[in-house]
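Structure, as structure tokens:
Just so it is clear, the values below take in all heavy atoms, side chains as well, and ignore hydrogens, waters and symmetry mates.
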Amino acid sequence: MLKRDVGDGGAGKILPSASKSDVITADLCVIGAGPGGLSVAAAAAALGRSVVLVEKHKMGGDCLNYGCVPSKALLAAAKRAHIMRTSDKFGIASVRPEVDWQAVRDHIRDVIAEIAPNDSVERFTALGVRVIQAAGRFVNKRTLQAGEHLIRARRFVIATGSSPVLPEIPGIDDVPYFTNETIFENASPIAHLIVIGAGPIGLELAQAYVRLGSRVTVLESATALGKEDPELARYLVNELIREGIDVREKVAIERIDGCEGEVRVSIKTGNASESIAGTHLFVATGRRPNITDLNLEAAKVKYDSRSGIKVSQGLVASNRRIFAIGDCAGGPQFTHVANYHAGITIRRALFRLPAKVDERLMPRVTFTEPELAYVGLSEEQARLAGEIRVLRWPYSENDRAQAERATRGFVKVITDKRGRVLGAGIVGQQAGELIEIWSLAISQNMKIKALADLVLPYPTLSEVNKRAAFRYYATAASSPVVRKVVSMLAKLG
């Protein structure tokens, strides 16, 4: 296990002059070949625009190589091990799985390799995109240098993503550690993994490793899943603790010491000090935008090194020729957000349509088991806007959940007093799939009646959403008898 440089990397030096053959003109120059950048490049090329795509590292970006894809592949392997270990409740003898860590790593690599052609240089070249594999750096407001090329474009789209950021802890630079850029290359058993950071990435990897046979301790300076709905987050964290993950919240990490195969973390909880010994360290304490080497000053682009490029609701930077999308523009750091930004950028840059970001529409999912998904306003945000109703329905009242032995979890829906859906969250099996109907409801300003009137196939987990919608009428009814009848109808569907 080796340390990685998690900075933005170097950029080529500015050439004092360029011959005519060095200059490329284009309608659009996209910097960064992650999901957002690739979506913009493909769409613009399909519309007949000349497009240059600049990428200094791997096509597909963080999502394909270090994030969404490898993490879900690892979680899928871990789930199989967990099923083998817990199958007795279905009448099948449980067995202790034997984990071949090299084969697990090969599985992750195979999944990446299957998807990689969709994001490859060859595919985008075939689409008509000129791909330049070099670091990009602005020379002036409308010119970018990439390797030996100067690119002059009518519009630029910065889609450079983000990288792991290390916390300022004494000793951390002197010990080996994993980040999401290195942990998926691990091919050896880990006896005791210490995870710093209890956000989605930290908890997903914590559950994966505990299911694959590791002991796991998670350290969090604040509250686990602190950006999520507190009620849903607490439920999920308790489930993870129940599965065997040691989650420590509100701890101060005073120092880290160790060497290969041995790490010791000194922590303080309140007035009590403690030293935790493990074999490996995984750091998941947030990310920073990859923008510091772009020479944004030359492009007259305002930015903050921590929060990213300053953009309008239409994702336009202070230089009106430049758009910024995805992680480098601040805001939620999700692949689907980058793709959403890409759509807005295409509408604005190529069609001059007044598209802008609506953060209410962007769902998020923590892919643990149970999953946690949310979309729209939080309960706290909704209360600030006026009178609300909070509706809940448990998985334990769902017949398919009973059949699957997946009864732990619930749906939580926020409406205004007239029944318009403001926000919704789910903690439970397939929450990431079930949240979609609430995303639609919010995007279309639908009222809860539309969800209550749905006819859904039986038995499916999706019925938990309809039952939650029915609760609106039970809570709104003034008569206790009417409330009881509505509650009975909710159970019957």
Side-chain angles (χ1 to χ4, degrees), residues 1 67-115 178 180 183-195 198 200-218 224 235-247 278-280 282 284 365-373 395-396 398-409 426-434 459-461 464:
M1 176 176 59
C68 313
V69 172
S71 66
K72 302 313 165 281
L74 178 63
L75 286 168
K79 182 175 182 178
R80 269 61 183 181
H82 183 68
I83 290 171
M84 293 173 67
R85 196 181 290 111
T86 59
S87 60
D88 57 309
K89 57 189 175 184
F90 294 93
I92 300 169
S94 298
V95 296
R96 182 178 179 180
E98 295 183 9
V99 179
D100 181 339
W101 274 99
Q102 290 195 15
V104 171
R105 184 188 62 182
D106 291 344
H107 154 66
I108 294 170
R109 288 178 172 178
D110 288 346
V111 172
I112 294 172
E114 287 292 324
I115 298 172
F178 288 120
N180 74 292
I183 195 164
F184 300 112
E185 283 299 308
N186 176 56
S188 303
I190 290 178
H192 184 184
L193 180 65
I194 299 177
V195 179
I201 295 174
L203 292 182
E204 286 176 13
L205 270 292
Q207 185 175 48
Y209 270 87
V210 83
R211 287 183 165 189
L212 291 168
S214 302
R215 178 184 170 193
V216 179
T217 301
V218 179
Y235 190 100
L236 173 56
V237 172
N238 287 340
E239 287 295 295
L240 297 178
I241 293 171
R242 185 167 161 264
E243 193 169 319
I245 302 171
D246 183 8
V247 180
T279 57
H280 297 76
F282 174 53
V365 183
T366 299
F367 291 94
T368 49
E369 193 174 31
E371 294 178 353
L372 191 159
Y395 270 58
S396 59
N398 178 271
D399 292 357
R400 181 61 179 272
Q402 289 287 353
E404 297 279 348
R405 300 281 190 172
T407 56
R408 303 187 70 83
I426 307 173
V427 59
Q429 183 166 296
Q430 295 185 36
E433 307 292 338
L434 298 177
T460 58
L461 289 176
V464 295

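Under the side-chain contact (heavy atoms from CB on, under 4.5 Å) criterion, R215 pairs with H192, sequence neighbours left out. Applying the side-chain contact (heavy atoms from CB on, under 4.5 Å) rule to A103 yields the partners D100; only residues at least two apart in sequence or on another chain are considered. Under the rule for a side-chain contact (heavy atoms from CB on, under 4.5 Å), the partners of R400 that lie at least two apart in sequence or sit in another chain are N398, E404, P459, L461. Listed by chain and residue number, T217, R248 satisfy the side-chain contact (heavy atoms from CB on, under 4.5 Å) test with D246 (two or more places apart in sequence, or in another chain).
Nearest heavy-atom pair, F367 versus K72, reported as atom, atom and distance to 0.1 Å: CD1-CE, 3.1 Å. When all heavy atoms of S71 and G67 are compared, the pair lying nearest together is OG-O, 2.8 Å. Minimum heavy-atom separation, F282 to N180: CE1-N, 3.6 Å. Closest approach of V427 and P370 over heavy atoms only: CG2-CG, 4.2 Å. When every heavy atom of A206 is checked against every heavy atom of V195, the shortest pair comes out as CB-CG2, 4.4 Å. When all heavy atoms of S87 and S94 are compared, the pair lying nearest together is N-OG, 3.2 Å.
In this structure, OG1 in T86 is found 11.5 Å from CZ in R405, a value given to the nearest 0.5 Å. Here L203 contributes atom CG and T368 contributes atom OG1; the two are 7.0 Å apart, rounded to the nearest 0.5 Å. Rounding to the nearest 0.5 angstrom, the gap separating the CD atom in E239 from the CG atom in L372 is 11.5 Å. Rounding to the nearest 0.5 Å gives a distance of 5.5 Å between CD1 of I190 and CD1 of I183. The line from CD of E369 to CD of Q207 is 6.5 Å long, rounded to the nearest 0.5 Å. Interatomic distance, CD1 of I241 versus CG of L236, reported as 10.0 Å (0.5 Å rounding).
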Legend entry - Residues W101, L212; criterion side chain to side chain contact (heavy atoms under 4.5 Å, CB included); working and verdict: CA-CA 9 Å; W101 274 99; L212 291 168; 3.4 Å; yes

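For the pair Y209 (side chain) and V216 (backbone), a donor-acceptor distance under 3.5 Å is absent. Checking side-chain atoms of E371 against main-chain N and O of G432 turns up a donor-acceptor pair under 3.5 Å. Judged by distance alone, the side chain of Y235 and the main-chain N or O of G409 form a donor-acceptor pair under 3.5 Å.
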Please tabulate, for the side chains in residues 105-112, all donor-acceptor contacts under 3.5 angstrom to protein atoms that are two or more places apart in sequence or on a different chain.
from, atom 1, to, atom 2, distance (Å)
H107, NE2, A73, O, 2.9
R109, NE, E185, OE1, 3.4
R109, NH2, E185, OE1, 2.5

Can you list, pair by pair, the side-chain donor-acceptor contacts under 3.5 Å of residues 74-85, counting residues two or more places apart and other chains?
from, atom 1, to, atom 2, distance (Å)
R80, NH1, A76, O, 3.3
R85, NH1, R211, O, 3.1
R85, NH2, R211, O, 2.8

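Counting heavy-atom neighbours within 6.0 Å of E114 CD, excluding the residue itself, gives a total of 12 or less.
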